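Here's the structure we're looking at; comments come further down.
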2 protein chains.
Amino acid sequence: MPTLKDIAKKAGVAPSTVSRVINNSPRISEQTKVKVKKIMDELGYHPNINARNLVKQRSHNLGLVIPYSTEEAFADPFYSEILRAIGVLAHSKGFNLLLLTSNGEVEEKKTVLKAVRSKQIDGVLLLRAKKDDQLIKELNTINFPFVIVGRPEAKDKYYWVNNDNITASEKVVDYLIKKGHHKIAIILGDTNYTVNQDRLSGYKKSFIKNNLRVKEELIIQSAKIDHQSIYRLTQNIIKTQPEITAFYGMSDIIAYTIIQALNDLNLKIPQDISIIGFNNNPMSKIISPPLTTVDINTYLLGNKATELLIGVINKKIKTPQNTIVPTKLVKRSSCQKIK
Amino acid sequence: MPTLKDIAKKAGVAPSTVSRVINNSPRISEQTKVKVKKIMDELGYHPNINARNLVKQRSHNLGLVIPYSTEEAFADPFYSEILRAIGVLAHSKGFNLLLLTSNGEVEEKKTVLKAVRSKQIDGVLLLRAKKDDQLIKELNTINFPFVIVGRPEAKDKYYWVNNDNITASEKVVDYLIKKGHHKIAIILGDTNYTVNQDRLSGYKKSFIKNNLRVKEELIIQSAKIDHQSIYRLTQNIIKTQPEITAFYGMSDIIAYTIIQALNDLNLKIPQDISIIGFNNNPMSKIISPPLTTVDINTYLLGNKATELLIGVINKKIKTPQNTIVPTKLVKRSSCQKIK
DNA sequence: CTGAAAGCGCTAACAG
DNA sequence: CTGTTAGCGCTTTCAG
């Protein structure tokens with residue numbers, strides 16, 4: 001494998017000249033540029049990226065933090081989709097993606113900080129925001145570029161991209177209420193995640209706005225959101241509170257399980273009970289009945305976050321800012337009017 | 001940010017000693033090791049990975065090639081799941097994952113080879129195998145470590161991990177035939193991918209073995225496997241050939257769409273038509289009716305492939321070999337006996 | 001426009 | 001067991 005020096009020697013120029021050709025420096029004659037390029041092609045030369053990173057102190061890698069790879073979380077198509085969006089933009093801007101996987105909060109922090117300190121990445125994309133997030137705090141104190149997909153607690157201290165989950169969730173419930181539903185059960189995951197907090201706030205806001213009482217017994221929080229847990233919770237609550245007319249799942253994945261749990265009790269959707277989800281996974285239009293849900297524009301979320309991060313890395317963007325990606329209620333046939 | 005030299009100076013030892021401490025060299029006294037480590041902690045030292053990579057000519061990064069990020073492909077939970085498996089093992093062995101995304105065959109090859117030649121990765125994991133695969137050939141001629149998840153055309157030239165798709169597919173069809181189905185439509189994607197070739201072979205083998213004629217008009221191949229395409233194809237074929245009693249989708253994702261397309265024609269699954277899929281996505285047990293499918297053990301597929309690749313990288317494994325991961329027919333309620 | 005030379009931060013002989 | 005030293009392959013002043 002030839003090095004820059006080999007090229008220089010063969011071309012009869014100095015290494016610095018070759019370097020200038022590689023980096024497309026303007027102060028170089030067209031003639032030598034062509035000559036050097038030809039020899040690079042001949043010898044099949046490719047710059048060693050580690051050498052470059054070492055002197056430039058820059059890796060052109062973006063670190064990607066996905067919630068600890070529990071089976072459930074990772075299986076959510078939300079991550080596939082946002083990964084795709086991030087990948088496309090990063091690639092077009094000359095950045096690679098480094099997946100920072102881990103299986104626990106402590107290990108996650110370690111893994112990320114190691115990549116940061118060892119200069120393996122130029123910035124971090126955090127695909128989640130939670131209460132009292134140690135990783136966020138640490139990255140902030142060392143002043144390392146990072147962007148959060150989600151809402152951090154300190155809204156104007158960080159760079160972030162998010163939906164307006166509160167309003168979107170409020171509209172979901174407005175929609176159900178307008179259809180005559182008053183007993184709406186909501187099932188959500190760990191409220192340490194701000195996304196769950198916000199969607200719950202929206203739920204409550206709608207009730208209050210519509211002069212209805214928020215019934216705590218209809219709010220089902222569960223740290224575990226695997227299939228089995230949700231399945232059981234759903235069946236329990238519908239048995240103890242058969243007056244429920246609608247279920248609101250905090251993600252489409254959760255909604256799917258709710259549907260199955262109810263079907264297995266011989267309840268028909270939407271005739272007996274209405275269901276609504278959140279995220280608009282590709283699957284949601286396919287299942288039966290097609291699921292009414294909120295499109296959160298996952299692709300744009302990833303795209304904007306990546307753009308923002310690259311801006312911060314390149315110091316084009318210097319003050320904390322955020323982008324709100326619009327959402328849209330997608331009405332399908334899993335909800336029905338109550339007489 | 002302190003460097004190795006800073007540590008050496010402060011500790012009053014040579015740089016090489018510090019290096020030995022970092023690399024856990026045995027020929028070093030416990031005493032100095034403790035002393036140096038203390039100072040590393042004090043100054044918050046972390047080795048610069050680019051410098052290390054440069055001298056070691058090793059990056060400890062695994063390149064990951066996912067089929068061109070078309071919306072459809074990436075949304076398949078198969079990729080989330082295998083990514084998780086790969087991530088877990090890679091991480092435990094001290095490797096990071098570099099996502100090599102692209103949007104087209106030519107660009108893909110470029111992206112991967114650039115990462116290879118610039119020494120950014122130590123090995124490549126290919127999550128697909130296709131006919132006349134240029135990337136595979138190129139990686140092979142430059143003798144770069146890579147492992148294929150899938151069956152390459154030249155079976156004993158490469159390192160690969162796969163299911164026995166032919167046999168598994170044959171058993172799928174055996175199962176349907178045993179239930180009395182003779183008119184079984186199969187819907188599959190691009191047959192340039194060996195996975196599709198194999199699953200089709202299995203389909204044919206079963207028919208022949210059972211002394212039934214393979215009807216070409218029941219084999220529906222489509223390069224595009226997005227929702228809309230499959231939906232239309234399904235409705236077309238059932239209209240033109242209403243004698244079909246079962247559909248076999250080459251992936252669960254395809255099967256979901258088939259179900260919807262048939263439901264929309266007021267056909268009941270499994271009463272009117274039986275459906276079977278392949279892959280056993282997490283969703284498949286949740287939808288209604290729960291889908292009969294083949295569990296391909298995605299996690300093990302990823303795990304074995306990663307293990308193999310790391311073995312090749314570390315030169316523990318030197319001759320082409322392959323692993324077959326077992327599959328299992330998962331019987332659920334989307335298939336029914338014909339009278 | 002081009003060259004010489006120093007150095008990014010680390011490892012690996014080789015000596016001792 | 002530890003120190004000295006010469007690079008790994010590239011970029012970047014500084015001269016010219």
Side-chain angles (χ1 to χ4, degrees), chain A residues 1-40 43-61 94 114-122 314, chain B residues 1-40 43-61 94 114-122 314:
Chain A
M1 205 126 256
T3 71
L4 177 147
K5 275 187 184 169
D6 298 330
I7 306 296
K9 202 172 290 169
K10 185 136 186 188
V13 298
S16 44
T17 301
V18 178
S19 174
R20 285 184 190 108
V21 172
I22 295 168
N23 293 287
N24 238 303
S25 159
R27 359 184 251 148
I28 197 148
S29 75
E30 193 58 29
Q31 202 189 349
T32 48
K33 193 187 280 185
V34 170
K35 182 175 67 181
V36 171
K37 276 198 171 164
K38 194 174 146 243
I39 295 186
M40 296 199 312
L43 302 193
Y45 169 75
H46 281 266
N48 181 312
I49 212 152
N50 296 302
R52 174 184 290 166
N53 289 349
L54 176 56
V55 28
K56 287 218 178 175
Q57 303 281 31
R58 198 100 146 36
S59 67
H60 275 276
N61 284 162
K114 191 179 159 199
V116 168
R117 298 195 173 116
S118 66
K119 301 246 154 55
Q120 199 167 191
I121 51 181
D122 296 338
N314 292 333
Chain B
M1 210 133 246
T3 71
L4 179 146
K5 275 187 183 167
D6 297 330
I7 306 297
K9 200 173 292 171
K10 184 133 186 191
V13 298
S16 47
T17 302
V18 178
S19 174
R20 284 183 191 108
V21 172
I22 296 168
N23 294 287
N24 239 305
S25 158
R27 5 184 247 146
I28 197 149
S29 77
E30 194 58 32
Q31 204 186 349
T32 48
K33 192 187 282 187
V34 170
K35 182 175 66 179
V36 171
K37 277 200 170 162
K38 195 174 146 242
I39 295 185
M40 297 199 313
L43 302 193
Y45 169 76
H46 281 265
N48 182 313
I49 212 150
N50 296 302
R52 174 184 292 164
N53 289 349
L54 177 57
V55 28
K56 288 219 176 173
Q57 304 280 34
R58 199 101 147 34
S59 68
H60 275 276
N61 284 161
K114 190 180 158 198
V116 168
R117 297 196 174 115
S118 66
K119 300 248 155 55
Q120 200 167 191
I121 51 180
D122 296 338
N314 292 333

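Labels below follow one simple rule: chain letters A, B, ... track the order of the sequence lines, proteins then strands, and each chain is numbered from 1. Since this is a predicted model, take the numbers as computed values, not measurements.
Here the CG atom belonging to N23(A) is positioned 4.5 Å from the NZ atom belonging to K56(A), to the nearest 0.5 angstrom. Atom NZ in K33(A) sits 7.5 Å away from atom CD1 in I28(A) (nearest 0.5 Å). Expressed to the nearest 0.5 Å, how far CD1 of I49(A) lies from CZ of R58(A) amounts to 11.5 Å.
Nucleic acid contact for N50(B): none, since no nucleic acid atom lies under 4.0 Å from a heavy atom of the residue. The residue L54(B) sits close to a base: some heavy atom pair falls under 4.0 Å. Nucleic acid contact class of V13(A) (heavy atoms, under 4.0 Å, all strands): sugar-phosphate only.
Both R27(B) and N48(B) lie near DNA chain C, and the one whose nearest nucleotide falls closer to the 5' end is N48(B).
An OP1 or OP2 oxygen of dC10(C) is reached within less than 4.0 angstrom by no side-chain nitrogen or oxygen of N53(B). Remark: T17(A) is not in phosphate contact with dC1(C), judged by side-chain N or O atoms under 4.0 Å from OP1 or OP2. Side-chain nitrogen and oxygen atoms of Q57(A) include at least one within less than 4.0 Å of the OP1 or OP2 phosphate oxygen of dG9(C). At dG9(D), none of the side-chain N or O atoms of T3(A) fall inside 4.0 Å of OP1 or OP2 (strictly under the cut-off). For the OP1/OP2 pair of dA4(C) and a distance below 4.0 Å, the side-chain nitrogens and oxygens of S16(A) include no atom meeting the criterion.
Considering only residues two or more places apart in sequence or on other chains, H60(B) meets the ring-ring contact (aromatic ring centres under 6.0 Å, His included) condition with F95(B).
If you take CE of M1(B) and C1' of dG9(C), they are 13 Å apart, rounded to a whole angstrom. When the P atom of dG9(C) is taken as reference, atom NZ of K56(B) falls 18 Å away, rounded to whole Å. When rounded to the nearest whole Å, the span between CZ of R20(A) and P of dC14(D) equals 13 Å. For N23(B) and dA12(C), the CG to P distance is 7 Å, given to the nearest whole Å. Between Q120(B) atom CD and dG9(D) atom C1' there is a gap of 15 Å when expressed in whole angstrom units. For the pair R52(A) CZ and dG9(D) P, the computed distance is 15 Å after rounding to whole Å. Residue K9(B) contributes atom NZ, which lies 13 Å from atom C1' of dG9(C) at whole-angstrom precision. Following rounding to the nearest Å, R58(A) (CZ) and dT11(D) (P) show an atom-to-atom distance of 14 Å.
Among the nucleotides dC8(D), dT2(D), dC10(D), the one closest to any side-chain atom of T32(B) is dT2(D). Nearest to the side-chain atoms of S19(B) among the listed nucleotides dT11(D), dT11(C), dC10(C) stands dT11(C).
A side-chain contact (heavy atoms from CB on, under 4.5 Å) with V13(B) is found for one member of I39(B), V18(B), V21(B) and no other, namely V18(B).
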